[in-house]
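Just so you know, ligand 1 is whichever comes first in the structure, and atom 1 is the first atom listed for that ligand. All values derive from a computational prediction rather than experimental measurement.
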Amino acid sequence: MIPASFDYVAPTSVEEALAALAEHGDDAKILAGGQSLLPVLRMRLNAPEVVIDLNRIDALRGVRDDGDAITIGAMTQHSVVGSDPLVAEHAALITKAVAHLADHQIRHRGTFGGALAHADPAGDLGAPVLALGAEFVIAGSGGTRTVSADDFFVDLFETAIGEDEILTEVRVPKHTGWGAHYEKFVRVAHQWPIVAVAATVKADGGTISEARVGLTNMGSTPLRARAVEAALAGQPASDEAVRAAAAQAAEGANPPSDLNGDSDYRRHLATVLTRRAVLAAAGA
Ligand SMILES: Cc1cc2nc3c(=O)[nH]c(=O)nc-3n(C[C@H](O)[C@H](O)[C@H](O)COP(=O)(O)OP(=O)(O)OC[C@H]3O[C@@H](n4cnc5c(N)ncnc54)[C@H](O)[C@@H]3O)c2cc1C
């Protein structure tokens with residue numbers, strides 16, 4: 001289908017983009033890589049009067065070293081994030097997850113910030129950034145504010161970004177030296193996950209000192225498997241110990257039922273995928 005007609009603006013700075021948002025309010029929609037927005041417009045699930053394209057704002061692209069964190073610009077394409085050496089060294093969990101996100105064409109167009117702002121509970125980036133304790137920098141007419149990953153994902157396709165705000169960058173605390181693994185369960189390659197688990201583990205001499213585990217598609221937002229994380233601390237990176245901890249993966253989750261699997265099936269998957277992800281991240 002062809003989208004309803006709309007006006008198009010392509011600002012070259014965040015300030016200009018914010019001014020356009022302030023001018024058009026609810027009638028405007030931001031365009032990043034367009035990989036989720038364009039299908040929505042073509043199906044006429046949304047019909048904004050103005051599309052504000054962020055692609056000419058160079059300041060929103062790139063990865064930089066910020067001391068104890070790395071900062072990823074919202075308009076950085078998945079393909080760039082996935083091959084960036086800083087991300088690989090300090091936030092390997094993101095590198096691993098991006099490798100599983102859709103196909104090459106979508107990774108070439110789609111952006112890190114666009115995927116997170118879209119907040120699809122089946123999106124592959126939410127669980128890793130949640131597990132890594134990322135912070136989201138959001139710009140509005142009154143300046144910028146920072147929102148923790150715990151507060152960023154509000155509900156299905158809903159985040160803490162206001163109607164008149166723009167996500168500008170994501171700060172990811174360095175997890176240098178931590179093992180990482182993203183275990184994604186799909187029926188067909190390049191699909192959205194039925195369930196996926198993001199695990200990053202700090203292990204010393206075969207003992208897990210700290211683990212962070214995020215769940216994809218186990219509720220209306222990405223979730224932390226906090227019971228698993230607590231159970232893993234101080235345990236050996238053995239199949240027996242990790243299996244026992246992973247049995248709690250679905251605690252507190254409210255997974256959906258759909259044609260790919262019902263809620264109970266997803267609960268079971270979460271335990272199996274958590275065991276695999278943690279063992280792989282621990283190098284066991
Ligand atoms: C066939 C197909 C398969 C896919 N498979 C997967 C998959 O397996 N896993 C996965 O994770 N993703 C998948 N995707 C989605 C992909 O990751 C998209 O890149 C992502 O959802 C949207 O990013 P985008 O940059 O294209 O954003 P857009 O589509 O341009 O925007 C998405 C939404 O976010 C808003 N937005 C964008 N940027 C900002 C910003 N900086 N500030 C505020 N709001 C903003 C837009 O207004 C819009 O509402 C798939 C997409 C397609 C088409």
Taking only heavy atoms of [X] into account, list the atoms of ligand 1 that are under 4.0 Å away from them.
| X | value |
| --- | --- |
| Leu54 | 41 (N) |
| Lys184 | 8 (O) |
| His78 | 17 (O), 19 (O) |
| Gly123 | 11 (O) |

Quick one: are [X] and [Y] in side-chain contact, heavy atoms under 4.5 Å?
| X | Y | answer |
| --- | --- | --- |
| Arg212 | Leu132 | no |
| Pro3 | Arg44 | no |
| Lys184 | Asn217 | no |
| Leu167 | Val137 | no |
| Val14 | Thr168 | yes |
| Met75 | Asn55 | yes |
| Ile52 | Pro11 | yes |
| Thr216 | Tyr182 | yes |

Identify the closest protein heavy atom to [atom]: which residue and atom is it, and at what distance?
| atom | result |
| --- | --- |
| atom 5 (N) of ligand 1 | Ala102 CB, 3.3 Å |
| atom 45 (C) of ligand 1 | Ala117 CB, 3.5 Å |
| atom 46 (C) of ligand 1 | Ile30 O, 3.0 Å |
| atom 52 (C) of ligand 1 | Ile106 CD1, 3.4 Å |
| atom 25 (O) of ligand 1 | Thr111 OG1, 2.6 Å |
| atom 33 (C) of ligand 1 | His118 ND1, 3.8 Å |
| atom 50 (C) of ligand 1 | Trp192 CZ2, 3.3 Å |

For ligand 1, find out whether one of its N or O atoms is nearer than 3.5 Å to an N or O atom of [X].
| X | value |
| --- | --- |
| Leu37 | yes |
| Ala115 | yes |
| Asp124 | yes |
| Leu167 | yes |
| Ala32 | yes |
| Glu165 | no |
| Gln35 | yes |

Discussion item. Please compare Ala17, Gly34, Ser36, Gly162 and report which has the shortest non-hydrogen distance to atom 21 (O) of ligand 1.
Written reply: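 The residue whose heavy atom sits nearest atom 21 (O) of ligand 1 is Ser36.
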Worksheet entry | Closest to atom 24 (P) of ligand 1 (judged by heavy-atom distance), picking from Ala127, Gly33, Ala196, Pro39 | Gly33
Discussion item. Heavy-atom distances under 4.0 Å decide this one: backbone, side chain, both or neither, for His108 against ligand 1?
Written reply: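 It is neither; nothing of His108 touches ligand 1.
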Fill in: Under-4.0 Å heavy-atom contact with ligand 1, by part of Gln191 that carries it
backbone
Item to complete: Run the salt-bridge test on Arg224 and Glu229 with the 4.0 Å N-O cut-off and return the result as yes or no.
Response: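 A salt bridge links Arg224 with Glu229.
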Discussion item. Do the side chains of Glu210 and Lys202 get close enough for a salt bridge, i.e. N-O under 4.0 angstrom?
Written reply: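 Not counted as a salt bridge, because no side-chain N and carboxylate O are separated by less than 4.0 Å.
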Discussion item. Evaluate His90 against Thr176 for side chain to side chain donor-acceptor pair (under 3.5 Å), listing each step before the verdict.
Written reply: CA-CA 4 Å; His90 303 298; Thr176 318; 2.7 Å; yes
Discussion item. I'd like to know whether Val201 forms a side chain to side chain contact (heavy atoms under 4.5 Å, CB included) with His181, so could you lay out the CA-CA distance, the side-chain angles of the two residues, the decisive distance to 0.1 Å, and finally the verdict.
Written reply: CA-CA 9 Å; Val201 171; His181 188 80; over 6 Å; no
Worksheet item: Got a second to check how far Glu165's CD is from Thr144's OG1, nearest 0.5 Å?
Response: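 Here the interatomic distance stands at 10.0 Å.
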